Every structure is written in structure tokens, then in C-alpha cells.
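Before any comments, here is the structure.
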Amino acid sequence: MSGVLYGVGLGPGDPDLMTLKAHRLISGAGVVAYPALAGAPSFARAIAARAIAPGAREIVMDVPMTPERAPAQAAYDLGAARIAEALEAGEDVVCLCEGDPFFYGSFMYLYARLSERFEVEIVPGVTSVTACAARAGMPLCARNERLTVLPGPLPEAELRARIEGAESVVIMKVGRHLAKIRGVIEGLGLMKRAVYVERASLPEEVVCPLSEAPEAAPYFSMILLTKGADPWL
């Protein structure tokens, strides 16, 4: 009998925002897999550290963060092969996923490689979108309003067009694209409607109007924008 692969969402960073099911699966796991930036500690592991059982075997997937897709895809190929070995040996594997596995989550790349051969169960997690809205005290949409989620790396013209046609907007993966995004929002006259959130739910969290945001943003940052009432009133 092959083992079961669990893709477990950890939430945005605060370990207390893990679900009870996520904690139960992690604490009972004999094999735990997780991504890490090549040469750096794993954020996913840091979130789950208190739940990982002593003696659990850990499969670390070093994933380079580069614009080119090939190096990351090779890392997922290698990680999937190592996970497959454990599953074929009858061991269950719990794969740690920041946020939610299927919402901009890297676990989907492992799922694509392994789901046709092995049983896979997805355990959803608190998304960074809802965490940032909660920390900002900013309702995103109500009744028949629409929410648009945009990735920061979009070209400037496309970003502008999509924001113009939206009601409430979440812009993810801000990082090195902050200046471009801020310029688009300022050009649309929407700066007073935009909130910047950095490292939501963590001790170093930053929440402020976009006009007061720092010049440089980390990867774990987000901009929330609503065209309704002023979010700071």
C-alpha cells in the first residue's frame, strides 16, 4: 500500500493561525516535506516548527527564486521524486505549505507531479489575503461586490486596466514591484483607498496607508484597495 501525501496549509505566518487538522497531521507525521529558498531557512518549517515531532524525517526542497522557471521546476522534480520514494515505501508524507496549498501555493506543482500516482489530500489554510484584511481592519467586499486578485509582476499597462475595471483589489507579490504599483495607483487617483500590509500576523508586521509605505517591500507584502468608503475612516 502506498502512503498518502497531505498538502497542509499553514496560514500566513502566525503558528496560532494553523488549523487544528493541520497541527494534528504535522505532529503525527513521520515524514515532513517543505520548500526553502536555496541556502536559506524555510519559512514554512518555521511556522510549523513547534508541531514537528522529534525524529521526524525531513525532506527539504531548495527552490531558487529566479525569473526563469526552469531552475524551480527542476527543484520540484527532485522534491517530487524524493516524496514519491517515501510514498512508495508506504509512508505518509505531510508537505508544509505557506498560506493555502492551492492559492498561489507551490504545492500545486507537486500535486501536478504526484496526484495521478498517489492519494493526495489537501488541507486548506488561512490565506494571506484574509489575514491582511483582518490585520488592516479592512472589509474587502460585501453583498454583490467583486474582489479582484492581481499579481504584482503584471505589466504596468495591464495592472492599470485591471484596477480601473475592479471594485475591490488585492495586489500580491509586491516585493520589487512596489514602485511600479504605487505609480499606477497614484496615477489613477486611488492612493487614499490603498493600504499596504507587510508580513501580516508576524511580530515584524507593518500596516499603513500606501502613501506611507517604505521604499522597498519584501516578497511577503500586499496592497489592499477598495473604491468604496475610505478604509481608514
Side-chain angles (χ1 to χ4, degrees), residues 1-13 15 18-19 21-23 25-26 28-49 51-53 56-129 131 149-154 171-177 199 218-222:
M1 293 288 290
S2 297
V4 178
L5 173 60
Y6 295 92
V8 176
L10 302 174
M18 280 196 297
T19 65
K21 185 169 186 177
H23 191 281
L25 287 170
I26 295 166
V31 183
V32 178
Y34 50 83
L37 291 179
S42 167
F43 181 45
R45 192 195 187 285
I47 297 171
I52 297 174
R57 183 158 59 89
E58 301 185 19
I59 298 175
V60 185
M61 295 171 283
D62 289 316
V63 182
M65 290 291 286
T66 61
E68 298 78 19
R69 292 181 57 82
Q73 294 305 312
Y76 291 124
D77 286 341
L78 178 59
R82 296 176 64 194
I83 291 171
E85 288 180 2
L87 296 172
E88 288 169 345
E91 298 178 288
D92 293 342
V93 178
V94 171
C95 187
L96 308 179
C97 315
E98 301 153 12
D100 180 89
F102 277 0
F103 185 74
Y104 287 105
S106 58
F107 181 77
M108 65 182 68
Y109 304 120
L110 297 172
Y111 183 84
R113 288 163 169 78
L114 297 169
S115 60
E116 292 185 0
R117 297 166 52 198
F118 303 101
E119 181 182 352
V120 182
E121 180 178 334
I122 309 300
V123 179
V126 175
T127 70
S128 55
V129 170
V149 180
L150 301 174
L154 285 176
I171 304 174
M172 303 183 62
K173 305 181 182 181
V174 172
R176 58 190 175 90
H177 304 281
R199 304 186 191 280
Y219 179 80
F220 293 108
S221 56
M222 185 177 298

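Being a predicted model, the structure only gives us computed values, none of them experimental.
Among pairs with a residue in residues 86-105, those fulfilling ring pair (Phe, Tyr, Trp, His ring centres under 6.0 Å) read Phe102-Tyr111, at least two apart in sequence or across chains.
The nearest pair of heavy atoms linking Asp92 to Val4 is OD1-N, 2.8 Å. Between Val174 and Met222, the shortest heavy-atom distance links the atoms CG2-CA, 3.8 Å. Closest heavy-atom contact between Pro124 and Pro101: CA-CD, 4.2 Å. The two residues Pro64 and Pro71 come nearest to each other via the heavy atoms CG-CB, 3.6 Å. The minimum heavy-atom distance between Ala56 and Ala29, with the atom names listed, is CB-O, 3.7 Å. Scanning all heavy atoms of the two residues, the minimum distance from Ser128 to Met172 falls at OG-CE, 3.5 Å.
Using a 4.5 Å heavy-atom cutoff, the side chains of Val120 and Phe107 are in contact. Between Met61 and Leu110 the shortest side-chain heavy-atom distance falls below 4.5 Å.
Distance check: Ser221 OG to His177 NE2 gives 10.0 Å after rounding to the nearest 0.5 Å. To the nearest 0.5 Å, atoms CD1 (Ile59) and CG (Leu78) are separated by 10.0 Å. For the atom pair SG (Cys97) and CD1 (Ile122), the distance works out to 7.5 Å, reported to the nearest 0.5 Å.
Heavy-atom contacts from other residues, nucleotides or ligands closer than 6.0 Å to CD of Glu119 number 12 or fewer.
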- Worked check of side-chain contact (heavy atoms from CB on, under 4.5 Å) between Met18 and Ile26: CA-CA 10 Å; Met18 280 196 297; Ile26 295 166; 3.9 Å; yes
- Message: As a quick check of understanding, evaluate side-chain contact (heavy atoms from CB on, under 4.5 Å) for Cys95 and Leu5, giving each step before the final call.
- Response: CA-CA 7 Å; Cys95 187; Leu5 173 60; 4.2 Å; yes
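Looking at Val126, Asp100, Ile47 one by one, the single match for side chain to side chain contact (heavy atoms under 4.5 Å, CB included) with Leu10 turns out to be Ile47.
A donor-acceptor pair under 3.5 Å is formed between the side chain of Arg113 and the backbone N or O of Tyr109.
Partners of Phe220 under the ring pair (Phe, Tyr, Trp, His ring centres under 6.0 Å) rule, at least two apart in sequence or in another chain, are Phe43. Residues passing the side chain to side chain donor-acceptor pair (under 3.5 Å) test with Glu58 are Tyr34, Arg45, sequence neighbours excluded.
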